[in-house]
Amino acid sequence: MEKIKMTTPLVEMDGDEMTRIIWQYIKDDLILPFVDLKTEYYDLGIEKRDETDDKITVESAEATLKYGVAVKCATITPNQKRVEEYGLKKMYKSPNGTIRAILDGTVFRAPIQVKGIEPNVKSWKKPITLARHAYGDVYKNTELKIEGPGKAELVFTDKDGNETRKTVFEFEGPGVLQGMYNTNASISSFAHACFEYALSTKQDLWFAAKDTISKKYDGEFRDVFQKVYDEEYKEKFEAKGITYFYTLIDDAVARVMKSEGGFIWACKNYDGDVMSDMVSSACGSLALMTSVLVSPRGVYEYEAAHGTVQRHYYKHLKGEETSTNPIATIFAWSGALRKRGELDGLDDLVKFADALEKASLSTIESGYMTKDLVNLTTLDDIHVCNTQEFLKKIAENLKELL
Ligand code: NAP
Ligand code: MG
């Protein structure tokens with residue numbers, strides 16, 4: 001069989017520990033035999049980040065802006081323990097944070113649904129994609145503990161020194177106080193990313209906040225979304241037959257529970273933090289969760305939602321058998337290859353991405369799975385695989401499909 005050709009390179013961001021091991025297996029067994037893979041390789045493994053004073057991370061994000069699509073392996077975000085473990089020059093920032101800041105992106109997460117591992121919510125037939133606005137609000141708050149009686153005020157001083165002042169509360173005894181903010185630039189870029197992603201995946205978009213109570217703050221979120229939609233996306237949505245609507249967060253929660261899934265749910269920062277854990281745990285496992293960073297300029301970076309699976313890596317180093325689930329990392333590759341194929345008009349590459357996903361899911365559906373899925377599955381005839389056996393099984397299925 002002739003290998004599938006690519007025209008534009010994919011930005012490949014390698015990573016750490018067990019996921020780095022799996023990364024190589026996936027390339028060797030599932031991609032290189034079928035695709036004439038073109039990548040621009042960046043090693044974001046912790047040693048290389050240390051060696052380059054983390055410049056490699058910045059360069060990989062800049063390459064993503066240039067080419068448009070990246071695939072990223074999970075990476076260590078160092079803490080003090082990691083600094084000692086690897087003898088690092090300093091405690092580098094989270095690569096994901098650095099990349100997100102450069103791409104100005106929003107992260108979309110969706111469970112991978114597979115027969116035999118059913119969501120706890122029975123009506124969910126299709127995945128629910130959660131988009132979290134990862135900027136500001138309570139995550140950048142300023143707080144005060146109030147010790148006794150006094151007046152709390154909100155004061156804004158503009159650049160000419162003019163003050164706007166509002167009383168928050170007249171305290172008669174001890175209490176607590178909090179100030180928070182967001183910017184229209186950030187809200188607007190979040191809205192753009194959500195609309196772009198809805199178009200690119202042909203799914204409806206829901207956005208919810210609490211504008212009945214927070215009339216100005218949440219009201220601004222609602223209005224920015226509506227304005228961006230009316231001015232730039234309404235016609236495109238209608239042409240694709242998808243819809244956008246805004247509703248109250250409590251109404252959204254009730255509707256989500258009764259829905260069939262298959263839409264994007266855009267959430268403010270706190271709602272997204274809470275609701276993404278609800279959706280992912282109702283669907284089973286982080287190892288069955290895809291994650292894609294979408295910039296408002298339509299640049300995409302695909303990854304798995306889980307970390308580097310450190311505990312399994314230490315077992316691997318001792319020569320012990322591991323049973324690490326590679327599905328989310330495989331889907332990062334398939335997502336990136338499919339997007340590259342779509343952008344470059346390469347049908348064969350898109351078809352290959354579809355086949356790779358199908359082969360992965362049908363492997364689980366036929367009862368072959370890693371340990372983490374055994375407790376979740378409703379299938380009877382199960383074969384527990386180690387990391388490599390599972391990948392070999394997928395490779396066999398893929399060969400048959402192609
Ligand atoms: P983790 O890698 O998400 O793993 C936590 C536990 O979840 C594992 O020990 C394992 O449970 C289970 N698990 C996660 N992914 C799995 C998979 N694919 N297959 C089977 N089981 C899986 O988190 P961590 O071990 O606490 O963190 C390790 C490193 O990852 C940290 O240095 C952190 O900074 C980094 N991290 C990176 C990212 C990213 O790059 N996007 C995200 C999160 C964390 P059992 O041990 O019970 O089998
Ligand atoms: Mg959380």
[X] (side chain) donor-acceptor with [Y] (main chain) under 3.5 angstrom:
| X | Y | answer |
| --- | --- | --- |
| Lys122 | Pro119 | no |
| Ser214 | Lys210 | no |
| Trp124 | Val256 | yes |
| Asn141 | Val138 | yes |
| Thr64 | Val69 | no |
| Arg20 | Gly15 | yes |
| Asp137 | Tyr139 | no |
| His316 | His312 | no |
| Thr106 | His133 | no |
| Asp160 | Asn162 | no |

query: Can we call the ring centroids of Phe190 and Phe221 under 6.0 Å apart?
result: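 For Phe190 and Phe221, the ring centres are not under 6.0 Å apart.
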How about [X] and [Y]: do any of their side-chain heavy atoms sit closer than 4.5 Å?
| X | Y | value |
| --- | --- | --- |
| Tyr86 | Ile76 | yes |
| Pro174 | Glu147 | no |
| Leu88 | Arg49 | no |
| Trp206 | Ile264 | no |
| Arg132 | Asp273 | yes |
| Ile99 | Leu44 | yes |
| Leu288 | Cys283 | no |
| Ile128 | Ser259 | yes |

Table please: side-chain donor-acceptor pairs of residues 368-376 below 3.5 Å, with sequence neighbours left out.
{"unit_1": "Thr370", "atom_1": "OG1", "unit_2": "Asp372", "atom_2": "OD1", "d": "2.6"}
{"unit_1": "Asp372", "atom_1": "OD2", "unit_2": "Asn325", "atom_2": "ND2", "d": "3.0"}

Minimum heavy-atom separation for [X] and [Y], please, with both atom names.
| X | Y | value |
| --- | --- | --- |
| Ile22 | Pro326 | CG2-CB, 3.7 Å |
| Ala359 | Ser362 | O-OG, 3.3 Å |
| Leu346 | Lys5 | CD1-O, 3.8 Å |
| Ile394 | Ser360 | CG2-OG, 3.7 Å |
| Tyr217 | Met180 | CE1-O, 3.9 Å |
| His383 | Ser366 | CD2-O, 4.5 Å |

salt_bridge([X], [Y]) N-O dist < 4.0 Å:
| X | Y | answer |
| --- | --- | --- |
| Lys81 | Glu84 | no |
| Asp53 | Lys90 | no |
| Lys392 | Glu389 | no |
| Asp50 | Arg82 | no |
| Lys227 | Asp223 | no |
| Lys339 | Glu342 | yes |

Kindly determine whether Glu396 and Lys393 satisfy side chain to side chain contact (heavy atoms under 4.5 Å, CB included), including the steps that lead there. CA-CA 5 Å; Glu396 278 170 28; Lys393 205 78 204 164; 3.5 Å; yes
In terms of heavy-atom contacts, does [atom1] of [X] have more than 12 from other residues, nucleotides or ligands at under 6.0 Å?
| X | atom1 | value |
| --- | --- | --- |
| Lys93 | NZ | no |
| Lys358 | NZ | no |
| Lys240 | NZ | yes |
| Arg255 | CZ | yes |
| Glu235 | CD | no |
| Glu238 | CD | yes |

Intermediate values then yes/no, ring pair (Phe, Tyr, Trp, His ring centres under 6.0 Å), Phe207 and Tyr244
CA-CA 8 Å; Phe207 177 51; Tyr244 162 68; 7.3 Å; no
Begin with the C-alpha distance, continue with both residues' side-chain angles, and end with the deciding distance and a verdict on side chain to side chain contact (heavy atoms under 4.5 Å, CB included) for Thr52 and Tyr42.
-> CA-CA 12 Å; Thr52 61; Tyr42 292 87; over 6 Å; no
Once rounded to the nearest 0.5 Å, what's the spacing between atom [atom1] of [X] and atom [atom2] of [Y]?
| X | Y | atom1 | atom2 | result |
| --- | --- | --- | --- | --- |
| Leu130 | Ser280 | CG | OG | 9.0 Å |
| Leu154 | Arg165 | CG | CZ | 10.0 Å |
| Tyr135 | Lys268 | OH | NZ | 14.0 Å |
| Cys194 | Leu205 | SG | CG | 5.5 Å |
| Thr377 | Glu365 | OG1 | CD | 10.0 Å |
| Leu10 | Arg340 | CG | CZ | 7.5 Å |

Exercise. Does Lys234 count as lying over the ring of Phe237, i.e. NZ or CZ under 6.0 Å from the six-ring centre, within 45 degrees of the axis?
Worked result: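 Judged by the rule (NZ or CZ under 6.0 Å from the ring centre, within 45° of its axis), Lys234 is not positioned above Phe237.
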Any side-chain donor paired with an acceptor under 3.5 Å for [X] and [Y]?
| X | Y | result |
| --- | --- | --- |
| Tyr41 | Asp14 | yes |
| Tyr67 | Glu40 | yes |
| Asp16 | Tyr313 | no |

- Starting from the C-alpha separation in whole Å, work towards a yes-or-no answer on side chain to side chain contact (heavy atoms under 4.5 Å, CB included) for Phe195 and Ile242. CA-CA 11 Å; Phe195 291 124; Ile242 56 175; over 6 Å; no
Report task. For Tyr92 and Thr57, run side chain to side chain contact (heavy atoms under 4.5 Å, CB included): C-alpha distance rounded to whole Å, both residues' side-chain angles, the deciding distance at 0.1 Å, then the answer. Result -> CA-CA 10 Å; Tyr92 299 97; Thr57 308; over 6 Å; no
Mind running salt bridge (charged side-chain N to carboxylate O under 4.0 Å, His left out) on Asp347 and Lys351 for me, showing each step along the way? CA-CA 6 Å; Asp347 277 352; Lys351 280 191 196 128; 5.2 Å; no
List the atom pairs, donor and acceptor, that lie under 3.5 Å between side-chain atoms in residues 298-309 and the rest of the protein, sequence neighbours left out.
{"unit_1": "Glu303", "atom_1": "OE1", "unit_2": "Asn96", "atom_2": "ND2", "d": "3.1"}
{"unit_1": "Glu303", "atom_1": "OE2", "unit_2": "Asn96", "atom_2": "ND2", "d": "3.0"}
{"unit_1": "Thr308", "atom_1": "OG1", "unit_2": "Glu17", "atom_2": "OE1", "d": "2.7"}

